[in-house]
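Please read these numbers as outputs of a predicted model, since none were measured by experiment. Start at 1 and go down the list; that is how both ligands and their atoms are numbered.
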Amino acid sequence: MTSSEIRKKFLEFFANKQHHIANAAPLVIKNDPTLMFTNAGMNQFKELFLGNQSAVYPRIVDTQPCLRVSGKHNDLEDVGKDTYHHTLFEMLGNWSFGDYFKKEAILWAWELLTDVYNIPKDRIYVTVFGGDASDKLSSDEEARTLWKSVIDPNRIIDGSKKDNFWEMGDTGPCGPCTEIHIDLRPDSERNSVDGKTLVNNDHPQVIEVWNVVFMEFNRMANGSLISLPAKHVDTGMGFERLCMALQGKTSNYDTDVFKPLLDNLESICGKKYGENEKTDIAFRVIVDHIRAVTFIIADGQLPSNNKAGYVARRILRRAVRYGYTYLGLENPFLYRLVSVLSKQFAEVFPHIEKQENFIVRIILEEEQSFLRTLSFGLKKMDSTMDQLRKANTLIIPGEVAFELFDTFGFPYDLINLIASENGFSVDENGYKEALLVQKTRSRADSAVEAGDWVNVSDDNEPVKFVGYDILETTVEIQRYRKVKAKGKEVFHLVFTPTPFYAESGGQVGDKGIIKSENEVIKVLDTLKENNLIIHVTDTLPVSLSDSFIAIVEKDSRVRTQKNHSATHLMHAALRQVLGTHVEQKGSFVSPDQLRFDFSHFSKITDEEMIEIEQIVNVKIREGIALNEQREVPIEEAKALGAMALFGEKYGDTVRMITFDENFSRELCGGTHVKNTQEIGYFKLVSEGSISSGIRRIEALSGESAFDFVSLELQGLKEVRETLKASKNLSTTIQRLLDDNQRLSKELEQLHQQNLSLLIPGLKSKFNSINGMNLLVEKVDVNSADHLKKLSSELRKVTENAVVVLASNIEGKVAVLIQCDEELAKAKGINAAQLIKSNSSLIQGGGGGQAFLATAGGTNVTGIDAFLSAVSQTFKNIA
Ligand code: SER
């Protein structure tokens, strides 16, 4: 069976058991502060388990790309070293939301593995939860009894809390689980060592393939467990491992999931996979990591220096360095593997193929930039090691290692490797300390501490948003929690229905108030967390169980939706003018402005900007009515040409916003004007690049656009008036600039002439004193610079010249003392000192060297006194 057939069989098996085939959730999670990436198939169903949302389908089956590189589930360090851990893997899952429980889950898993996939029964082992005293949980006898009905009891193993109690993270839904393991060893080995002893023991061929979780509890922030409102089933089968088992391989990398990538990499580097353990690890790391990086970018998350973006960057760099060090790949190569993935996943995850060119460019750029720092970092390491050798130490200090990591982007293991090649070791504790300091700092910056939810009423209705239609409604508070964010304490209130739009899809959250007979509480912001709409307040209502009226601040909302609709019109106009490669990469829509990031590889010209602006304004004037469809099946929306925004989470039905079916149609949860005419006016303000291949446009609409234009026009009017140019302003300005240039030139010539005219008169004023030819004069020049020029001309007039000049330049004093350097030495002249000691006479200051010093001052009446004081000093020099 090919991997696609294996996947298909799984989905079909459960579809035949009344499961709805669901889409995967995005890999990059946008609205859950506890999780950056989908790390289990159940993430997108968390709210269903908690009972905060009701299930449309009680049974679901799907395949979910998962990433396990951070937080509670992190496999990164194992990847490549073994043959069955991955950063990104597909998880096949079947789900019951308050529907079937242990019996069906266990018996169907058995049926699928043994009857459909035909895995020999004597190669299967199962584990059941053996109980845990600290959580006061007894062993899972129900699961054991069910398994006994199908499998030899000798093949059932008791498992600890670590292996058999599944938790998503520190808090959230959890429960006991039963795992299914397969023994893939050849019979000879199976006969000599009992497979049972190898289960959960890191044996590469006795591996867990399926985890069946019975979701019953919610782990609270204080560590306690409370029962969920209903019992659910969450199963996750490692797709790549299943393929290995069914394709008769002993490594995930030998399956058709990884083989095409390995073949491609072999031809890129000219080395063979399977010949040498060191290069094999590199091969595995690279073909694993490119999958993770590709999926992350395809989801709209670009490599960057923080959070999810940094995870993408770290994974990518790890792959680049394995290629560089072990496969001799000194030029970008990862980007060349993207096309393999795009073909491989065309059917299940078509968003890869759709964005192939974009992904390739981003990865190439990242590789280029790391390869640049990689060689600098290597040089830095070399020079550090040289210095250390001279100082007779062979330990690289922790701070240096940290700098290599922090500045040059070196992963720690690379630093360690290069160090050991050169007979060095790294002060790991010092490195960890430096890292910890940085981590603690960044954690403190972004720490958000959320307390547990406190229920106010028994009402557990899923949150309903009514703000598309009304801005005011009566509500009752369901629950609240206290949250500390950046040292400030705020409250999160949940009520339903709510007219408040929660920040998402780039549109900011609504502000407003909730009021009861006795109190008025300000809503500062509205956020989304999974499917909850959270109203942020800085005070908690005194009587929480009162009835409140929730009122959205209308003015901000109206201005925001003008900007949002204008964003859609602009998106369509961009695709019309620049091409259909333009895809949204981010947006920000607030009452005051709109910002839109999109894929495009060159600067947008002035002509294109004008055209885009014109198209949007024409569409505004056309007065196109909003066509809002709320429950469109996703397939239908796509068939109608709606632009799907990858990285946004969509259910099986979507909301479609159309302004003229031949112009703009997008999947969007935001709020919009009823008719484009409401937008009034649209103005582009700026255009620029924010990273490779991504441009950002900022624009205004409605009143803000009008105000912006008025202000600009007012400024222009003032300029016109000043220049007395009613028409052809730019011609007038150009003429002024030309005149100015010509006049400056003429003036400079006149000054030069003036200077030369001064020289003959001054020549005769040199006095010979003590082997020096001293000239002390007040002159009439236009700038301090001219004073210098004059002095250098005068020094040529005679041997051993000492020139002391002063001038009144537009009410300010400029003075200068200059002579030959040798003369200054011979006579002990110190011009700088002379200036300093006499500068009080001109009320100023300055300085320089022994042979040339200058000063400026404000007291023009002191010029004569200054000159005679200096001249007296020279007369005193022997
Ligand atoms: N949530 C479980 C896991 O991730 C089963 O899907 O292993």
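Counting atoms of ligand 1 from 1 in the listed order, those under 4.0 Å from a heavy atom of Thr235 are 5 (C), 6 (O). For ligand 1, the atoms lying closer than 4.0 Å to a non-hydrogen atom of Ala40 are 4 (O). Those atoms of ligand 1 with a heavy atom of Met42 less than 4.0 angstrom away are 1 (N). Residue-ligand proximity, Asp234 to ligand 1, at heavy-atom distances under 4.0 Å covers atoms 1 (N), 2 (C), 5 (C), 6 (O). Annotation for ligand 1: atoms under 4.0 Å from non-hydrogen atoms of Val213 are 2 (C), 5 (C). For ligand 1, the atoms lying closer than 4.0 Å to a non-hydrogen atom of Gly236 are 5 (C), 6 (O).
A salt bridge is defined here as a Lys NZ or Arg NE, NH1 or NH2 lying under 4.0 Å from an Asp or Glu carboxylate O, and Glu347 with Lys8 fails to meet this definition. Remark: Lys196 does not engage Asp183 in a salt bridge, criterion side-chain N to carboxylate O under 4.0 Å. Comment: Arg7 engages Glu90 in a salt bridge, judged by a side-chain N to carboxylate O separation of less than 4.0 angstrom.
Side chain to side chain, Thr2 and Asp256 fail the donor-acceptor criterion of an N or O pair below 3.5 Å.
Residue Arg68 has at least one nitrogen or oxygen atom sitting less than 3.5 Å from a nitrogen or oxygen atom of ligand 1, judged on distance alone. Checking only distances, Asn39 never comes within under 3.5 Å of ligand 1, N or O to N or O.
Residue Met237 places no heavy atom under 4.0 Å from ligand 1. Residue contacts with ligand 1: Met91 is included, with a non-hydrogen atom under 4.0 Å away.
For His203 and Tyr84, the gap between ring centers reaches or exceeds 6.0 Å.
Taking the six-membered ring where the residue is Trp, Phe49 and His232 present tilted rings, their angle falling between 30° and 60°. Between His492 and Trp453, the ring-plane angle classifies as tilted under the 30° and 60° cut-offs.
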